[in-house]
Structures are given as C-alpha cells and as structure tokens.
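Scroll down for the structure; my scribbles are underneath it.
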Number of protein chains: 2
Amino acid sequence: MSDVSEAPKSAKSGRKSGAATIYDIARLAGVNPSTVSRALNKPGRVSAATEARIRKAAAELNFHENPLARALPTGRTNTIAAVVADMTNPVVFNTVRGAENAAARYGFTLIVAESQESGSIEAATADRVAPFVDGIILATTRLPDEHILRLAERKPVVMINRAAGNLVNIAPDVAPGIDQLVEHLASLGHRSIAYLGGPDRSWISARRWEALFKAARLRGISVFEIGPNSPTIAAGKLSFERAQASGASAIVAYNDLLALGLIRAAREQGVSVPDDISVAGFDDIFGADFVSPSLTTVRADLLEAGTRAVESLMGDIGVDVIARPEASLSTTLMVRESTAHMRR
Amino acid sequence: MSDVSEAPKSAKSGRKSGAATIYDIARLAGVNPSTVSRALNKPGRVSAATEARIRKAAAELNFHENPLARALPTGRTNTIAAVVADMTNPVVFNTVRGAENAAARYGFTLIVAESQESGSIEAATADRVAPFVDGIILATTRLPDEHILRLAERKPVVMINRAAGNLVNIAPDVAPGIDQLVEHLASLGHRSIAYLGGPDRSWISARRWEALFKAARLRGISVFEIGPNSPTIAAGKLSFERAQASGASAIVAYNDLLALGLIRAAREQGVSVPDDISVAGFDDIFGADFVSPSLTTVRADLLEAGTRAVESLMGDIGVDVIARPEASLSTTLMVRESTAHMRR
DNA sequence: CCATCGTTGGCAACCGATTGACAAACGGGG
DNA sequence: CCCCGTTTGTCAATCGGTTGCCAACGATGG
C-alpha cells in the first residue's frame, strides 16, 4: 500500500517494453551508471552501502539487465546452442537434457535449434544462431564437414557422435556394451550375427560395426554387415527379408528404430522374435521397454554425454570447469525379451 | 596473389572471432559505414553501383552481420522462443516443429528452451530468453499464471493448450475427435465410460473431460471422471485398479502415456485389452502405433498449432502475416487395437 | 544561366551495457 | 598537520550496427 509508485513507474520509464536500464537505476540511486554496473557484477568493487542502495533501486524498478547490450562490449552472451537435426531422436534429446542441466550449473542458457530439413537449411540455422552464442554443440549428421570447420573458426564447437577435423567429439565408448551384447548372444548359443548398418557415412555406425566385428571375431562368431539403411522403422521393415535370407540367428541393428521395424516385419511374416530369431538394437529409446517383445539394446549415458559437451565448451570459452566425480561415458547392455536361446 | 591483404586483415581486425564489421567493409569500399548499412538493408536507398561495390566487399570479407549489435538500436532480433516444460512430450515437439517451419518462412529463427524442473526454474528460463527474442511461445503447465502475465507485459506471448488472462491460446478443438471416439465406443456396445483425468489444474484436461461428458450424455452413455493423475506411464499403472473397480467397460485416458500405463498394468493383472476392457488415449504419441495392442487415440494437427502460434506472434510483432489456406485446427480419431467390441 | 528538385552519401547521436584511467575522499602513520 | 596509499566512484571511450538530418551533386526546367 505504501508505495504505489512501482506500477506507474515501470509503465513510464521504458520506451518499448518497459525495460528499466542501469541509467534509470543510477538516477534513482544517485550514482553513475558505471557504478551500477560494477555494483551488480563486480563483487567488492563498490562499498556495501552503495551496493545495497543500488540493489534496492534495481529491485524497485524491476530491473532486468539487457544481455544484448552486455554482449556487445564483452563478446559474451552466456548462452550456448545445440544445433540438432532431429529432436525426436531419443539420443539427441537426452543429450540435450544433459547439456541443459550442465549449462545451468555454469550460469549459461542452452538454446536448441532444430532443422529437420536439408543440410543446407541446417547450415543456415547454425549460422544464424552462431552470433548469439558463446559456443555450439552439434548433433547432426547432415551438415558437411567443411561447413562445420568454418563454423568452428568463429565459435567453439563440440560434436556429438561424429568426427570432423580435429574438433572435440563426444561419443560414448561402445565397446563395453557391445562386448556384453556379443557375450550375451554367444551364451544363448548364437554363432552367426548380422549387423544391420546405419546411414551411409555415419561415423557412429562405423564404430559400432568395428566393435561388433572385433567382439564377434574374438569369440569365433561369424559376423557380417547388411546395409546401409536409414535409421528408421520403415527401413527396418524393408530390410527384414535380407536379414532373414542371410541365415544369421541374431540381428544387431544400428539403432532401436531399425530393430523395431525389423521385429514388426518379422511378426507380419509369421516369424517369431525371439524364438526364431534374436534382435538387438542401440540407444534404449523411449518405448523400447514396453513394446512386445521388449527390446534388448545397448544404452549409453547420454545425459553424461551432454554434460561433457558443455564442459568441453566451457573450457574453450574460458570458464573454469567445475570439478565433479568422473562418471564413465560408457555403454551397457539392457537385456530384454527380444533375444533368447536359439530354438533350432 | 595481388591482394594478399585479405588474410592478414581478417586476422588483425577482429579481436576475438575475426569477424568483419560494416566498418571494414566501408573502408574497403571507400564509403561511410552508414552507407554500408543502408546498402545491405534498405533496398533502393543507395545507387546500384555503390551497392554492388559494397556487396562485393562484404563477400570478400566474408561478412556476417552481428545480430546483437543490430538488435540494440532496433529492439528486434528476428528470433522467437518456445519455452517448454518437456521436449520429450510428443505434443510439445510436434508443435515446436510446426512453429519452427513457420518461423523460417518469416525469416525468424526459433529457439527452444526446455526446463524439466520446477516451475521456478521454468520461470527463470523464460526470463532469461525473453530479452533475446521478439516473442515467446509457451507450452508449459507449471509456470504460474501471474508470472506469464508479467512476461507478457515485456514481450508478446502466445500459449499452447492453456488459458491465462486473455492471452492468445492456441488449442486444437477437441470436440470432433471426442465425438468420433464416443461414437466409435458406442458402436462397439460400450455403455459406460471412465475418464482418467490429467493433472489437477490442467486446462486441457478439463476441456477433454467437458467434451467427453457432452458427447457421452448426448448418446445416453454413462460417464465419470477418475483423477487427477500425473500424465505419466507410472500414474497410468497406478490407476488401473481404480479404473477396473469402476466397472466401466471403456477407459478414456487424458493422454497416451496414461493409457499405456493402464494397459501394462492390465496385462500384468491378467486382464486383456481390448477383450476385457477398451482403452483410448489422446495425442497419438510416438510408439502408439507399434505397441501391442496398438493404441486407439485422438490426434490433433500439432504442426498446424505451431504454425498458428507463430502467426499470432508475427501479428503482435508487427510483421505482415503471410496468407495461406485456412487449415483446420481440429482433432480426429485414430482407431487401433486397444478398443474393441464388448465381450461380456 | 540560375533556381529547384530528387537522389545519394556523410555526419553524428544513439541503443545499454562494460571497463581502463583517473580523481576524490578517506584513514593512518610519522 | 602533512603526506601517502587505499578504497570508491566518475568520465569517457567502446562494442557494431541504425537512422534522422543535412549537404553535395547532377539533372531538369524556366
């Protein structure tokens, strides 16, 4: 009741959105604008009394600093961007979530820009957000390497599950999970594994194939690749015939979507999973545990991947990285219903 | 060979990211910076010859305008934000996609900020992106009304599936889909429907309940609400017992997650869906078509909702809205396996 | 040949902060 | 009482664009 002043003030001061500036505060507190700036951001630079007076004035005016104006002289926006091809992809959004939490810990805001379309739109999107942010997390397959490298000249860039030049690449170590998977399949009696490959030039698909190959050879299990395939349910359905024709008793798909498509096609053809054929995927996507049969899959700690990506950027930007217990960026097998003992 | 000057120039001019400015261009083209600005943004304001010279210089320096610097005097960033509680939610990300495409058509960039945590973090996130953008799309349930209204004083705001004050609310019309659903259930012989309600104060859950109530009464079917429930699979499982105890032969859940949880609990209890009980949901989320039994659900054109949201913002911001054929923001029923004729 | 007019480009102020350099104020020691 | 070293606050330049206002210019018409 006592100070009705607040409401009218906020209305009159600003020209466009009623935003108070440090000048308004300075006038109200009877100091110089630069003093306001220091009081608000440089602890100890101004006396406690003045600072209190300024903070009070700021609160009274409902002051929100304008990050644009701050960014101009400092070159820092305290914002990082994640440019992703497809937010629907569980791998992507879990990584983004990890990144978001981590960014918040550093006082940074994470913004996400998605561009499902062509690589060229993706490039435009990346260029567009670049000037706004202090660093960029790239989780995209379509953007050409050369463009990424040019982007990296302007801002710190870290990639997820992809290598380009010698940029930082955050990728879970697939070997442990794949070892477990092959061991699991071997213990069920499988002697022949087919790998349903991912997209043509996918870096991560190549890594999975390599690890699978190595783990299978080690145990004397025969292994071969079928592909490339797009990482979709539809492509999984289409590849069923080739997979079946291969004679392998276990199919390891590049990701869960492919695996799900495969299982659906099998069911439509009257082939039983896991009785006739075992199927496993990667990523442990939403739904993998409640489809029927539920899906055996190799999962990674994607939240941790997002966190690492942010920490890497913080290092590049020049922010002190918060020490924390070293979590492993590894993979583990989730055994579910889609893999079983060979029947034949 | 003739001008080796370029490489050293880009290196020396910028302090941090070697970014060329309009001043660099001005020097190279032999004009005033303001002329550069006009040449680049004010068609016809400078002579064709000068403009060509300037554009050439800009290209030569690989110039990217700094949107931050531009935003300061103009107050426009050509960016809008979507603040969402949970990107995983299919309703949310489909809306976001629609919004993204629409924004691109207007030359705007859409950034997404997610905050899965408490309402207070959500509020902080919203405040944080607000100064960066020209408008905000809000798809969140947790943010308190009062905070939204304060936000709306600073920037144009449009809401998705929620009413607050008299802000614009983009919400699909649930009536058509629900009419179809009730008609469908009636034709299968169901005479009693239970509605598994959503979160306590959810605006959209209330709308669904109202429409369901109306449609059921119209056909003389008995109908009642069970709830509130959180919109999760876990909550769906928990509510199975109450749903079964109610004696209703058909359960309509507030959303697909609840419906899925319900079905899983039923299976665990040895109750068959759809033989013993029919279940339907809302949203047609990812996976609804490949779970077993696949889920009957009411879907909305969420891409269109996102588009509308953007158009509404464009109107507020003062951008001419592109005319386009009026698509309907309606809902339709997807009939799948989880609803069937009554057995008893 | 001069007055007038429309076009084109330059000058300088401004958006809202940050920050280096410096001056005023202050307290303490000799 | 004066000198000196620290705080504490002020001045002014700066980040990279935008834009109102004005001047120079060439063309045109009387």
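This is a predicted model, so every value here is computed, not measured. Lettering follows sequence order; numbering is per chain, from 1.
- Within the 4.5 Å cutoff, the side chain of B/Thr109 has no heavy atoms near those of the B/Asn78 side chain.
- Listed nucleotides: C/dT8, D/dT19, D/dT10. Nearest to the side chain of B/Thr50: C/dT8.
- Counting atom types as modelled, B/Arg38 pairs no side-chain N or O with a base atom of C/dG9 as donor and acceptor under 3.5 Å.
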Table of protein N/O atoms under 3.5 Å from nucleotides 25-28 of chain C N/O atoms:
none

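- Contact check, A/Arg70 against C/dG16: no side-chain N or O comes under 4.0 Å of OP1 or OP2.
- Within 4.0 Å (heavy atoms only), B/Thr21 reaches sugar-phosphate atoms of the nucleic acid but no base atom.
- The separation between B/Asp24 atom CG and D/dG16 atom P is 9 Å, rounded to whole Å.
- Contact between the side-chain N/O atoms of A/Thr74 and the OP1/OP2 oxygens of C/dT18 is not found at any separation under 4.0 Å.
- For the pair B/Lys42 and D/dT18, the criterion of a side-chain N or O lying under 4.0 Å from OP1 or OP2 is not met.
- Taking 4.0 angstrom as the limit, B/Asn66 places none of its side-chain polar atoms (N or O) nearer than this to OP1 or OP2 of D/dC15.
- For B/Leu72, the side-chain atoms get nearest to C/dC15 when compared with the rest of D/dT18, C/dC15, D/dC11.
- Five base pairs at each end of the helix from C/dC1-D/dG30 to C/dG30-D/dC1 define two local axes, and these are offset by 60° (rounded to 10°).
- Distances shorter than 4.0 Å separate none of the side-chain N or O atoms of A/Ser34 from OP1 or OP2 on D/dC11.
- One atom, CZ of A/Arg45, and another, C1' of C/dT19, lie 9 Å apart when rounded to the nearest Å.
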